[in-house]
Structure formats: structure tokens, C-alpha cells
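Data block below; observations after.
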Amino acid sequence: MRIDILTLFPEMFAGPFDHSIIKRAVQKERVEIHIHNIRDFSKSKHRNVDDYGFGSDAGMVMMIQPIADCFEKLKSERQYDEVIFLTPDGSLLDQPMANRLSLKGNLILLCGHYKGIDERIREHFITMEISIGNYVLSGGELAAAVLADSIIRLIPGVLNDESSALSDSFQDQLLSPPVYTRPADFNGWKVPEILLSGNDKEIRKWQMEKALERTRERRPGLLKNKGLQQID
Ligand code: ADE
């Protein structure tokens with residue numbers, strides 16, 4: 001997979017992509033991440049990337065020219081499956097959406113700032129608009145990092161234990177059951193007996209019960225999607 005990210009703040013991606021699973025995915029060549037500074041594409045004398053919005057005094061709007069030129073250059077080099085704009089008014093990111101995007105080959109992520117971007121970019125270039133939650137961030141960079149992380153960890157060969165992405169919370173519309181490690185008794189706080197029993201079948205049953213209990217308490221909406229709300 002190849003992910004191209006257009007941003008006014010390329011430095012913001014140094015942290016999230018330089019550690020742990022994403023770093024390993026890049027090293028293993030499962031994903032290429034290319035960060036583009038939108039300012040580098042500005043044709044104006046002072047490398048401007050924003051201007052006053054027509055018909056309002058509410059703030060600055062990201063200009064069409066630098067973003068359009070960057071898109072055109074990338075699209076002349078390869079085909080993209082989706083051109084995604086991170087925006088609070090996009091479709092809410094969830095696990096099925098991350099699963100679908102992890103099967104794609106080439107993605108562009110556009111990070112917005114200020115009051116927004118010239119609407120003509122959304123009309124003519126963007127194929128998907130995604131929000132990572134019902135709150136407003138200062139810009140799309142953190143949202144793009146979250147989206148990229150949720151996708152990249154699902155690419156085959158990225159996680160060491162291939163099955164662990166499948167047992168994640170949400171993957172089967174259930175939250176994960178609690179997990180424990182040694183010691184089995186910490187100052188009297190004990191690990192549930194069943195997990196020490198060695199009885200695999202009973203342990204799986206306990207884990208499924210706990211996953212259902214947790215989902216019913218914390219995210220009943222997930223069970224509704226799954227058609228399981230009646231189960232006690
Ligand atoms: N940009 C600002 N807020 C955002 C959000 N919640 N999701 C995606 N992009 C955003």
C-alpha cells in the first residue's frame with residue numbers, strides 16, 4: 001500500500017509514524033508513506049496557501065491552486081483508489097471502514113486547516129470524507145495519523161501475530177474481554193480462577209461471556225448491529 005498525505009505541517013507526522021507497528025510496517029515495505037507540504041506547490045510570490053473567504057469575514061480558507069497542483073501531479077504518476085479529506089463533517093470512522101480501506105492499493109489523505117478548504121476541491125477531487133469523531137480538532141493531521149494507523153495495522157504481514165488484529169475490540173462487533181498477566185495474585189488482587197485452569201474450552205467460553213457483558217454495558221449499539229441484544 002502507498003499513502004500520500006498532503007499537509008501544511010509535515011513535521012506533525014514524525015512522531016506517530018516513527019514508532020512501533022507503523023515503523024515496522026514501513027521497514028518491512030508493507031506500506032510507503034509520502035508526506036507532501038502543500039506550501040511547496042504554491043505558485044504565489046509569498047508561497048501563500050490560504051486567503052480570505054468570499055462572502056464572509058469568519059476566517060481564512062485554504063486555496064485551491066496548491067492542493068489541485070499537488071493532486072494533479074500525484075494522479076499523473078499512478079492511480080488512486082480513494083482521495084480522502086479528513087473533516088469533522090465526514091462519515092464517522094469505524095472498524096469496518098478501516099477494514100475496507102486496508103484492502104486498497106493507493107490512498108491520498110488531505111489534511112485541512114483554518115476555516116476549511118475551497119469547496120471546489122471537495123467537489124472535483126475528493127472521493128471520501130472521513131471524521132474520526134464528533135469533536136473539532138485544530139487540523140486534519142492528527143485525524144490522518146489516526147486513520148492511517150487504523151488501516152496500516154490491518155495490512156497482512158504488519159502484525160507479528162496475524163490473528164491478533166482479528167481479536168481486536170470491534171473486529172467482530174464485540175469489545176475485547178479483560179486480560180491479565182503475572183503475578184496471579186498481586187497484594188490479594190487475584191486473576192480470575194478460570195484463566196489459570198488450563199481448560200481451553202472453558203476459558204474461551206468465559207472470554208466470550210465477558211466480551212458480551214462488556215459490550216452490553218458499554219456499547220449496546222454494537223450488539224444491536226449484530227442482532228444479539230436479546231442474549232443474556
Ligand atoms: N479535522 C478537524 N476535526 C476533525 C475530525 N474530528 N475528524 C477528522 N478531521 C478533522
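Worth saying up front: this structure is predicted, and the values here are computed from it rather than measured. Start at 1 and go down the list; that is how both ligands and their atoms are numbered.
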Residue set satisfying ring pair (Phe, Tyr, Trp, His ring centres under 6.0 Å) with Phe41, at least two apart, ordered chain then number -> none
Residues pairing under side chain to side chain donor-acceptor pair (under 3.5 Å) where one sits in residues 88-107, two or more places apart or in two chains, turn out to be Thr87-Asp89, Asp89-Arg122, Gln95-Asn99, Asn99-Gln171
*Is Met63 reachable from Met60 through a run of hydrophobic residues whose side-chain heavy atoms are each under 4.5 Å from the next?*
no
Check: What class does the angle between the rings of Trp189 and Phe186 fall in, given that below 30° is parallel, 30 to 60° is tilted and above 60° is perpendicular?
Finding: tilted
Just by distance, with hydrogens left out, do Gln207 and Arg204 show a side-chain donor and acceptor under 3.5 Å apart?
-> yes
Residues 204-224 vs ring pair (Phe, Tyr, Trp, His ring centres under 6.0 Å), sequence neighbours excluded, gives none
Using heavy atoms and a strict 4.0 Å limit, residues surrounding ligand 1 turn out to be Leu86, Thr87, Pro88, Ile130, Ser131, Ile132, Gly133, Tyr135, Val136, Leu137, Gly139, Ala143
